Amino acid sequence: MTKQLDDKQIADINKLDGEQRLKYCVKEIVANREVWILKDEHGCVMLNTEEEDCVPVWPNQEFAEQWATGEWADCTAESISLNKWHSRWTVGLEDDELAIVVFPNQNEEGVILFPDEFDFELKKQASKR
């Protein structure tokens, strides 16, 4: 079970730049053994860049829920176990030619990785434990 973050922790983490959020996200996902996404009745929420269609992922429920506003107000945060992510999501995202935007901030800025790159970062972090 993940521990709840308080408002100060959330505010401090939200101030991190993209690379720092990537490192934080990978550490949290490996430590808590879960990846957070947003879903609605149509499936997983997507962000689009000029080059890529991306699935945003977050390290904690609180950060995913911060995105459930405006056009995504009907979305809910959902956790995916790390094992399920490795076994199904990486391959599925690759097959669908989707990228991952890791821990995007409120300006929709985040590090974009291909599924195999994200998987590599997660496994590299797990090997440090």
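What you see is a predicted model; the values in this text were computed from it and never measured.
- The CD1 atom of I13 sits 9.0 Å away from the CD atom of E62 when rounded to the nearest 0.5 Å.
- Nearest heavy-atom pair, V45 versus C75, reported as atom, atom and distance to 0.1 Å: CG2-SG, 3.5 Å.
- I112 and A99 make their closest contact through CG2-CB, 3.8 Å (heavy atoms, listed as atom of the first residue, atom of the second, distance).
- Scanning all heavy atoms of the two residues, the minimum distance from R21 to N105 falls at NH2-N, 3.6 Å.
- For the pair C54/T49, a side-chain contact is recorded, criterion being any heavy-atom separation below 4.5 Å from C-beta on.
- Summarising the geometry of V30 relative to L122, their closest heavy-atom pair is CG2-O, 3.4 Å, with the distance given to 0.1 Å.
- Residues meeting the side chain to side chain donor-acceptor pair (under 3.5 Å) test with E65, sequence neighbours left out: Q61.
- Enclosure of atom CG in D7 is not indicated, since only 12 or fewer non-hydrogen atoms of other residues, nucleotides or ligands lie within 6.0 angstrom.
- Within the model, atoms OG of S87 and CG of L82 stand 9.5 Å from one another, a figure rounded to the nearest 0.5 Å.
- The closest side-chain heavy-atom distance from L98 to M46 is below 4.5 Å.
- At a threshold of 4.5 Å between non-hydrogen side-chain atoms, the residues Q9 and D12 do not count as touching.
- I37 and V91 are assigned to two separate hydrophobic clusters, defined by single-linkage of ILVMFWY side chains at heavy-atom distances under 4.5 Å.
- Using a 4.5 Å heavy-atom cutoff, the side chains of R33 and W85 are not in contact.
- Sorted by first then second residue, the salt bridge (charged side-chain N to carboxylate O under 4.0 Å, His left out) pairs that include residues 46-55, not counting sequence neighbours, number zero.
- Contact of the W89 side chain with the V35 side chain is not registered, since no non-hydrogen atoms from C-beta on lie closer than 4.5 Å.
- Atom-to-atom distance recorded for N32:CG and N60:CG is 6.5 Å, nearest 0.5 angstrom.
- By the salt bridge (Lys or Arg N to Asp or Glu O under 4.0 Å) test, K27 pairs with no residue at all, sequence neighbours left out.
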Derivation of the side chain to side chain contact (heavy atoms under 4.5 Å, CB included) call for Q66 and N14: CA-CA 11 Å; Q66 282 184 337; N14 275 328; 3.3 Å; yes

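- Listed for the D40 side chain is a donor-acceptor partner under 3.5 Å among the backbone atoms of H42.
- From N83, atom CG reaches atom CZ of R88 across 10.5 Å, with rounding to the nearest 0.5 Å.
- Once rounded to the nearest 0.5 Å, the distance linking CG of L5 with CD of E28 reads 6.5 Å.
- Separation of atoms CD1 (I80) and NZ (K39) is listed at 7.5 Å; rounding is to 0.5 Å.
- When side chains are defined from C-beta on, L93 does not count as touching F118, because their heavy atoms never get closer than 4.5 Å.
- Linking Ile, Leu, Val, Met, Phe, Trp and Tyr residues whenever their side-chain heavy atoms come within less than 4.5 Å places L47 and L38 in a single cluster.
- Across all their heavy atoms, W36 and A64 have their closest contact at CB-CB, 4.2 Å.
- Between V55 and C44, the shortest heavy-atom distance links the atoms CG1-SG, 3.3 Å.
- In this structure, L16 and F103 have side chains that are not in contact, with every pair of non-hydrogen atoms separated by 4.5 Å or more.
- Looking only at side-chain heavy atoms (C-beta outward), I29 and C25 come within less than 4.5 Å of each other.
- When the shell of 6.0 Å around CD of Q106 is examined, it contains more than 12 heavy atoms from other residues, nucleotides or ligands.
- Within a 6.0 Å radius of OH in Y24, more than 12 heavy atoms belonging to other residues, nucleotides or ligands are found.
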- request: List the steps and the verdict of side chain to side chain contact (heavy atoms under 4.5 Å, CB included) for F120 and E117.
  value: CA-CA 5 Å; F120 175 80; E117 295 171 320; 5.5 Å; no

